[in-house]
Amino acid sequence: MDMKMSINQKIRKYSNGNLFDTTDNIVTEFPLTIFVNNVEFATMVCTPTHFKEMVVGFLASEGVIRFYREVESISIDEDAGYAYVKLYTEVTTNQQYYSKRFIGSCCGKSRQFYFQNDVKTSKTSMSKQTLTPSQCISLMKEMQESSIVFQETGGVHNAALCTPEKMIICRSDIGRHNALDKLYGYSILNDISVRDKIIVFSGRISSEVLVKASKIGVGIVLSKSAPTDLAIKLADDLNITAIGFIRGTSFNVYSHPERIIER
């Protein structure tokens, strides 16, 4: 099966007072159902690239695995849309943890999560990494310039794993969580320590995106868009520096500004 991130579609376009026939690049959408130890675990609607990274990152973010050595085998059937994961140990999954709202308390602060499983898998950042303002702006520019699919279709989210000096890897997906899972999976498969790394993200910093970043383990999240109020509260509680509206030569720091320094 030839998996493509986009297809060329015939459309009718209206521009400058005229209707005319032309073509447009349209991002593709693909369902992938994950089986863990022969039990159906989840179905992800995604952009059909980097399946193994996405599956590994998703299972790690859900607390099913911590290290790739826990995985005996992964088989991807692209034609059928199935991913079969065999672990060395049995996994007990309680589906209510993935759909039940939960309010937890830690260190005298209240953390409100949408899903109870997030309480078990979210991590308070211990990162000592710092960035200069120029590095924040440069990393966002590098990520945006690297995403050919977004430039062609405008239909995907982009996420990049970076050091202060450069981008390590960039992944795109129609699902913002999928793009982040691909980064997480890449770091696990390549044994990359993420504590001192930065996530650069194209979309809004919602509470779900912030929690996903905390599960990955980074201490700084850069975005070209806005955060939500709950995302800021969680970022403050989880010791994550959340930066939004990186556009041109300006940005806003919403939490833990001590990581942004002038050198």
Side-chain angles (χ1 to χ4, degrees), residues 1-11 23-99 114-115 117-118 121 147-161 169-190 201-203 206 208-209 211-212 215-216:
M1 183 177 181
D2 184 17
M3 307 296 284
K4 296 181 179 179
M5 294 185 71
S6 65
I7 61 169
N8 198 251
Q9 175 73 40
K10 292 181 179 180
I11 65 167
T23 60
D24 193 18
N25 285 317
I26 308 297
V27 69
T28 54
E29 187 171 338
F30 184 83
L32 183 72
T33 299
I34 302 172
F35 290 81
V36 179
N37 291 346
N38 297 317
V39 176
E40 184 174 340
F41 187 81
T43 296
M44 308 177 74
V45 179
C46 62
T47 298
T49 62
H50 305 102
F51 288 128
K52 186 175 181 179
E53 291 176 0
M54 184 178 68
V55 170
V56 170
F58 174 72
L59 293 179
S61 71
E62 295 304 316
V64 177
I65 63 171
R66 292 185 61 196
F67 308 101
Y68 187 58
R69 61 175 177 265
E70 299 171 52
V71 178
E72 183 177 342
S73 64
I74 294 180
S75 176
I76 308 292
D77 185 340
E78 294 184 0
D79 292 322
Y82 294 128
Y84 300 98
V85 181
K86 177 66 175 175
L87 304 181
Y88 285 106
T89 59
E90 292 298 317
V91 176
T92 301
T93 58
N94 191 335
Q95 290 300 319
Q96 69 171 327
Y97 292 153
Y98 298 93
S99 60
Y114 285 125
F115 302 115
N117 191 59
D118 290 340
T121 54
S147 180
I148 304 302
V149 176
F150 179 81
Q151 294 171 21
E152 292 179 345
T153 69
V156 293
H157 292 281
N158 303 311
L161 188 69
I169 193 73
C170 183
R171 292 291 181 253
S172 300
D173 202 281
I174 58 169
R176 57 190 180 185
H177 302 136
N178 299 340
L180 293 167
D181 282 332
K182 289 175 180 180
L183 293 187
Y184 198 7
Y186 178 89
S187 67
I188 291 172
L189 290 169
N190 292 279
F201 189 60
S202 64
S206 66
E208 295 169 287
V209 167
V211 166
K212 184 75 76 170
K215 292 178 179 183
I216 294 172

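Residue Phe35 qualifies as enclosed at atom CZ: its count of foreign heavy atoms under 6.0 Å is above 12.
Here salt bridge (Lys or Arg N to Asp or Glu O under 4.0 Å) pairs that include residues 80-89, with residues two or more places apart or in two chains, number zero.
In this structure, Glu29 and Val45 have side chains that are in contact, with non-hydrogen atoms separated by less than 4.5 Å. When side chains are defined from C-beta on, Arg176 counts as touching Glu208, because their heavy atoms get closer than 4.5 Å. At least one side-chain heavy atom of Leu32 sits under 4.5 Å from a side-chain heavy atom of Val55. The shortest distance between side-chain heavy atoms of Phe201 and Leu180 falls below 4.5 Å.
Distance check: Met54 CE to Leu59 CG gives 10.0 Å after rounding to the nearest 0.5 Å. Note that CD1 of Ile174 is 10.5 Å distant from CE of Met44, once rounded to the nearest 0.5 Å. Interatomic distance, CD of Glu53 versus CG of Asn178, reported as 12.5 Å (0.5 Å rounding). Within the model, atoms CD1 of Ile65 and OH of Tyr88 stand 12.5 Å from one another, a figure rounded to the nearest 0.5 Å. Distance check: His177 NE2 to Cys46 SG gives 14.0 Å after rounding to the nearest 0.5 Å.
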(request) Output, in order, the C-alpha distance, side-chain angles, deciding distance and verdict of side-chain contact (heavy atoms from CB on, under 4.5 Å) for Val64 and Phe41. (result) CA-CA 10 Å; Val64 177; Phe41 187 81; 3.7 Å; yes
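Contact record, Gly81 with Phe30: CA-CZ, 3.7 Å, taken as the closest heavy-atom pair. Contact between Pro31 and Thr43 at its shortest, heavy atoms only, is CB-CG2, 4.4 Å. A pairwise comparison of heavy atoms in Phe58 and Ser61 identifies O-OG, 2.9 Å as the closest pair.
Taking a cutoff of 4.0 Å between a charged side-chain nitrogen and a carboxylate oxygen, Asp181 and Arg171 do not qualify as a salt bridge.
Residues satisfying the ring-ring contact (aromatic ring centres under 6.0 Å, His included) criterion with Tyr68, sequence neighbours excluded, are absent altogether. Ser75 meets the side chain to side chain contact (heavy atoms under 4.5 Å, CB included) test with Tyr84; sequence neighbours excluded. In this structure Asn8 satisfies the side chain to side chain contact (heavy atoms under 4.5 Å, CB included) test together with Thr23, Asn25, sequence neighbours excluded. Listed by chain and residue number, Met143, His157, Asn158, Lys224 satisfy the side chain to side chain contact (heavy atoms under 4.5 Å, CB included) test with Ser202 (two or more places apart in sequence, or in another chain).
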Sequence neighbours excluded and cut-off under 3.5 Å, please list the side-chain donor-acceptor pairs for residues 182-190, or say none.
residue: Lys182; atom: NZ; partner: Thr47; partner atom: O; Å: 3.4
residue: Lys182; atom: NZ; partner: Thr49; partner atom: O; Å: 3.1
residue: Lys182; atom: NZ; partner: Thr49; partner atom: OG1; Å: 3.1
residue: Lys182; atom: NZ; partner: Ser172; partner atom: O; Å: 3.2
residue: Lys182; atom: NZ; partner: Asp173; partner atom: OD2; Å: 2.7
residue: Tyr184; atom: OH; partner: Lys215; partner atom: O; Å: 3.2
residue: Ser187; atom: OG; partner: Tyr184; partner atom: O; Å: 2.7
residue: Asn190; atom: ND2; partner: Tyr186; partner atom: O; Å: 2.8

